Amino acid sequence: MPSPQNSLQRSLSDLGVARPFSARHLGLRPADVAAMLGLLGQDSVESLMRAAVPGGIRTTVGMDLPAPVSEVEATAELRALAASNNPAEPMIGLGYHGTITPPVIRRNVLEDPAWYTAYTPYQPEISQGRLEALINFQTMVGDLTGLPTANASLLDEGTAAAEAMTLVRRANRKASGPFVVDADALPQTIEVVTTRAEAMGIEVVVADLTSGLPEGELCGVLVQYPGASGRIIDPRAVIAQAHERNALAVVAGDLLALTLLEAPGVLGADVAVGSTQRFGVPLFYGGPHAGYMAVKKGLERHMPGRLVGVSVDSEGRPAYRLSLQTREQHIRRDKATSNICTAQVLLAVVASMYAVHHGPDGLRDIAARAHRYAAVIAAGLADVAGADVVHADFFDTLLVAVPGRAEAVVAAARAAGIQLRLVDADHVGVSTSETTTSSTVVRVLEAFGASDVDVAALDAVVAAAGDAALPAALVRESEYLTHEVFNTHSSETQMLRYLSKLSGRDYALDRGMIPLGSCTMKLNATSEMEPISLPGFADLHPFAPAEDAPGYRKLIDDLEGWLCQVTGYDRVSIQPNAGSQGELAGLLAIRGYHLANQVEGAPVREVCLIPSSAHGTNAASAVMAGMRVVVVASNEDGSIDLQDLKAKCVEHSEQLAAIMVTYPSTHGVYEETITELCDLVHEHGGQVYVDGANLNALVGHARPGEFGGDVSHLNLHKTFCIPHGGGGPGVGPVAVRAHLAPYLPTHAQHPEAAKRAGIGPISAAPYGSAGILPISWAYVRMMGAEGLTTATSHAVLSANYVAARLDEHFPVLYRGENGLVAHECILDVRGITKDTGVTVDDVAKRLIDYGFHAPTMSFPVAGTLMVEPTESEDLAELDRFCDAMIAIKGEIDRVAAGEWTPEESPLRHAPHTTRALVGEWNHTYSRTEAVFPAGITADKYWPAVGRIDNAFGDRNLVCSCPSPEAFVD
Ligand SMILES: *Cc1c(COP(=O)(O)O)cnc(C)c1O
């Protein structure tokens with residue numbers, strides 16, 4: 001250790017530069033690395049990686065990335081990029097609106113690692129805080145839509161509408177005929193729905209619903225309420241007609257409008273979908289935002305996505321959990337209701353807290369103010385020659401006819417700092433919002449040609465006219481948000497404490513390691529996170545003119561280029577807003593390619609081979625891409641059975657579209673046969689889809705585009721540091737070789753003209769979840785090629801270290817050729833269960849008592865635990881985890897020895913809560929053994945509830961806030 005004196009005597013050049021960011025991202029110190037290599041019998045990290053990664057796939061070119069910069073420099077670059085964007089006042093509408101994120105929510109949810117670093121709440125005992133926030137979300141959506149059951153978020157409004165279309169078809173097998181979509185639906189919704197329908201062979205009819213449904217059979221109809229043009233039609237007539245023809249009715253509703261307009265459920269809708277963006281979630285240039293879906297009674301089991309419900313814990317208290325977990329896509333595979341996995345939890349939490357903070361009266365006032373400003377603008381336009389408001393009924397959006405002048409009006413508004421919607425040469429759209437002020441109104445009216453605007457006088461005119469703009473028959477009468485939680489947090493002190501109370505119940509990365517296989521819970525550095533709140537990134541409307549978004553354009557171009565370098569592919573699209581969506585985009589690219597190369601008379605290439613061990617989203621996505629799933633068997637050792645693969649390739653040769661393989665495999669092993677597999681599928685005319693969710697085992701060492709893949713998706717929320725958010729957001733870029741590039745996602749409103757026509761959009765916004773791309777950009781920028789390569793090596797080193805330490809206690813199920821695993825390892829608990837009755841659940845829950853989040857349970861193999869330590873954990877934390885596992889094995893040995901029965905062991909009663917400290921104690925183990933098994937510590941994590949009864953919750957499905965009395969002892 002140099003003394004301070006020594007440092008002070010050294011010259012500037014001796015002092016060098018500040019410690020590089022990579023040294024902060026990587027948890028292992030050089031001495032740790034040496035000790036760990038020693039345990040594995042390896043001389044160096046390089047020799048370990050040479051032994052682990054098959055020679056045939058190792059990259060020969062490497063990654064051409066810019067030299068890394070420091071956190072300070074990256075921050076400065078990102079600030080400059082953000083500053084070059086021009087958010088202006090967004091009045092374009094189309095499902096994206098100005099909103100104010102209450103600072104108490106911005107800082108204490110969106111910017112708080114206790115919320116954003118949490119994992120999906122599969123372990124409910126350590127997730128009660130976010131589960132409560134999500135049940136608030138479900139209650140909020142259910143109340144506002146007037147439908148009893150809402151899920152815990154979907155990816156955006158466009159995909160929610162597409163999910164509603166497939167739900168309608170699943171739930172309503174009697175009905176045949178097309179899915180009818182309102183011509184006044186959001187244009188991107190129509191596009192997303194049409195793109196998905198086309199792949200699945202569903203007919204979509206876009207129709208003007210003003211005077212009812214078009215003639216003929218239909219399976220369902222979607223009505224936009226209010227419409228994209230701002231007009232409000234009474235949906236009841238269309239709903240009644242649909243029901244008469246045995247079809248289901250979907251209403252796409254604006255939640256803020258629904259505080260003033262009667263709820264879709266009350267009007268007879270079967271399903272409601274939409275976005276919750278304008279409930280305090282920044283525009284983020286298109287996302288991430290939480291989409292929503294609510295359904296009438298009887299449809300809950302058809303719903304896609306996750307659903308939070310109420311059950312009871314072992315001590316008889318109500319406790320939250322994910323309901324109907326067997327619906328989880330991991331298990332349902334090609335029978336899944338949808339491919340959605342990662343959703344938008346963090347943003348759903350923000351939206352629900354916005355409702356908690358404002359309460360029903362506050363929301364009604366925000367809506368009424370936006371409506372009033374729209375009415376004032378309409379009154380002002382009455383005095384402007386050549387500007388006519390087209391629809392007399394509106395909530396916040398006006399369609400204004402300005403024959404021949406639309407471009408000029410939009411340009412004048414832009415010069416005054418306002419973005420309006422250019423509908424066509426003769427029409428302009430104006431949408432007010434929470435951020436509209438009197439000054440905005442003046443500037444908007446002036447852009448249309450008004451002068452001497454007097455807002456107060458116009459307001460008096462509106463007042464005198466009464467509220468004629470909201471159709472009287474649709475004024476809301478039903479109540480909403482009556483639950484106590486929405487009526488008790490109006491002061492900031494109450495709000496802050498509520499947020500803190502909930503996050504305090506949860507175990508996230510800010511407390512300790514989350515050793516989840518397949519999900520890469522690595523560091524989400526503060527310097528990566530901070531830029532997302534910069535106004536230049538947060539406040540931009542997705543359909544803002546390209547000239548207003550040069551910073552985003554540069555950031556996206558950089559990131560797409562860097563991801564090409566990382567993967568060895570030729571082109572990347574960051575549009576998909578989750579891994580599942582990247583899968584669908586990739587498969588649609590394959591489909592597009594085969595259709596373009598279809599030989600007259602030859603069979604259609606529609607068979608998708610999927611190994612039995614694949615992640616459940618793979619099969620679900622293949623079905624959504626219109627493909628037929630054929631399963632390829634696995635060998636005893638978990639690897640793909642090449643004989644079976646050969647047989648399936650031969651059998652389906654003419655129809656073979658693709659194989660989807662995860663690499664390294666979902667078993668955490670680098671399979672040697674991957675190149676052979678790619679060659680085989682190519683020989684039979686198929687394309688190779690490499691699921692890149694496990695890219696953390698490859699970056700810098702092997703590139704799927706180089707070793708045989710045609711297309712991959714990556715999960716930026718796994719490998720590239722976007723936090724998990726408690727189950728979302730995510731970004732799932734799709735990466736392709738050049739021959740598939742023409743079939744990448746497009747979007748009719750894309751800022752880049754070349755990307756407007758083509759395969760269609762996979763997300764509602766042109767760049768999907770653009771707002772969180774600065775996180776991954778910062779990671780690559782600060783790590784550089786060498787840092788990223790080392791990160792992979794350290795992730796593999798750590799996984800092998802854990803495997804080596806734990807193998808004698810919990811056998812490691814699969815290994816590669818050299819006895820090494822990749823970036824994760826599967827610990828087999830099945831033998832233990834057979835011999836002692838102690839289950840994988842018992843081990844997982846007992847880990848909570850030791851202060852850990854459980855590893856992934858029973859995926860991909862039932863009765864096992866999968867551990868992925870990542871490169872961000874330090875050796876002390878890895879050892880703390882291994883020590884806990886070994887101590888748990890010691891407890892299992894006591895069960896095996898007959899000292900405890902499994903039922904009366906600390907394993908089965910885990911996790912223990914503070915109640916173990918007081919009252920009667922009639923267990924065969926001590927209180928200390930129960931709650932302080934790893935020694936007494938002041939920093940003990942206490943779960944809020946004991947073990948939760950899953951079966952009870954599914955039998956008694958309750959998916960909205962329970963009454964406060966339920967929590968009374
Ligand atoms: C996480 C994961 C996915 C799905 O990604 P989402 O973002 O959750 O949709 C797909 N495949 C594998 C192997 C994964 O681990």
Side-chain angles (χ1 to χ4, degrees), residues 119-122 152-156 159 163 287-288 291 304-306 322 328-333 336-346 514 516-522 574-587 608 610-622 624 638 660-669 671 689-698 704 709 711-735 762-763 768-769 772 776 822-824 826 855-856 859-861 866-868 870:
Y119 182 57
T120 308
Y122 291 131
S153 81
L154 289 173
L155 291 164
D156 56 35
T159 57
E163 298 282 4
R306 300 181 179 123
L322 292 177
E328 271 292 332
Q329 313 309 335
H330 300 121
I331 296 155
R332 298 282 304 264
R333 297 170 59 91
T337 50
S338 151
N339 67 341
I340 188 168
C341 180
T342 289
Q344 301 282 19
V345 170
L346 188 67
I514 303 184
L516 281 167
S518 198
C519 282
T520 316
M521 298 294 289
K522 59 164 72 172
I574 50 76
Q575 192 188 90
N577 49 13
S580 60
Q581 309 304 297
E583 289 176 19
L584 180 57
L587 291 169
C608 187
I610 299 187
S612 56
S613 65
H615 195 270
T617 50
N618 289 182
S621 298
M624 290 173 69
M660 284 184 99
V661 279
T662 302
Y663 202 82
S665 73
T666 38
H667 294 155
V669 172
E671 293 182 16
Y689 187 113
V690 178
D691 181 328
N694 289 349
L695 209 73
N696 214 42
L698 296 180
V711 45
S712 291
H713 80 271
L714 324 178
N715 276 354
L716 299 191
H717 47 303
K718 294 179 180 172
T719 315
F720 293 89
C721 297
I722 289 175
H724 233 72
V731 177
V734 54
I762 210 78
S763 314
S769 290
I772 49 178
S776 298
H823 63 310
E824 59 193 6
I826 298 182
T856 302
F859 173 80
V861 182
M866 183 155 61
V867 180
E868 178 181 0
T870 85

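Quick caveat: nothing in here was measured; it's all calculated off a predicted structure. Note that these values count all heavy atoms, side chains included, but never hydrogens, waters or copies made by symmetry. Just so you know, ligand 1 is whichever comes first in the structure, and atom 1 is the first atom listed for that ligand.
- Within the 3.5 Å criterion, the main-chain N or O of His667 finds a donor-acceptor partner in the side chain of Ser665.
- Under the 30°/60° scheme for interplanar angles, the aromatic rings of His615 and Phe859 are found to stand perpendicular.
- For ligand 1, the 4.0 Å heavy-atom shell contains residues Cys341, Thr342, Ser518, Ala578, Gly579, Ser580, Glu583, His615, Thr617, Thr662, Asp691, Ala693, Asn715, His717, Lys718.
- His717 places a side-chain N or O within donor-acceptor distance of the main-chain N or O of Val731, the cut-off being under 3.5 Å.
- The side-chain contact (heavy atoms from CB on, under 4.5 Å) check on Ser712 picks up Tyr569, Val690, Pro704, with sequence neighbours excluded.
- Partners of Thr870 under the side-chain contact (heavy atoms from CB on, under 4.5 Å) rule, at least two apart in sequence or in another chain, are Thr520, Lys522, Glu868, Ser872, Glu873.
- For Ser763, the side-chain contact (heavy atoms from CB on, under 4.5 Å) partners at least two apart in sequence or on another chain are Asp156, Gln575, Asn577.
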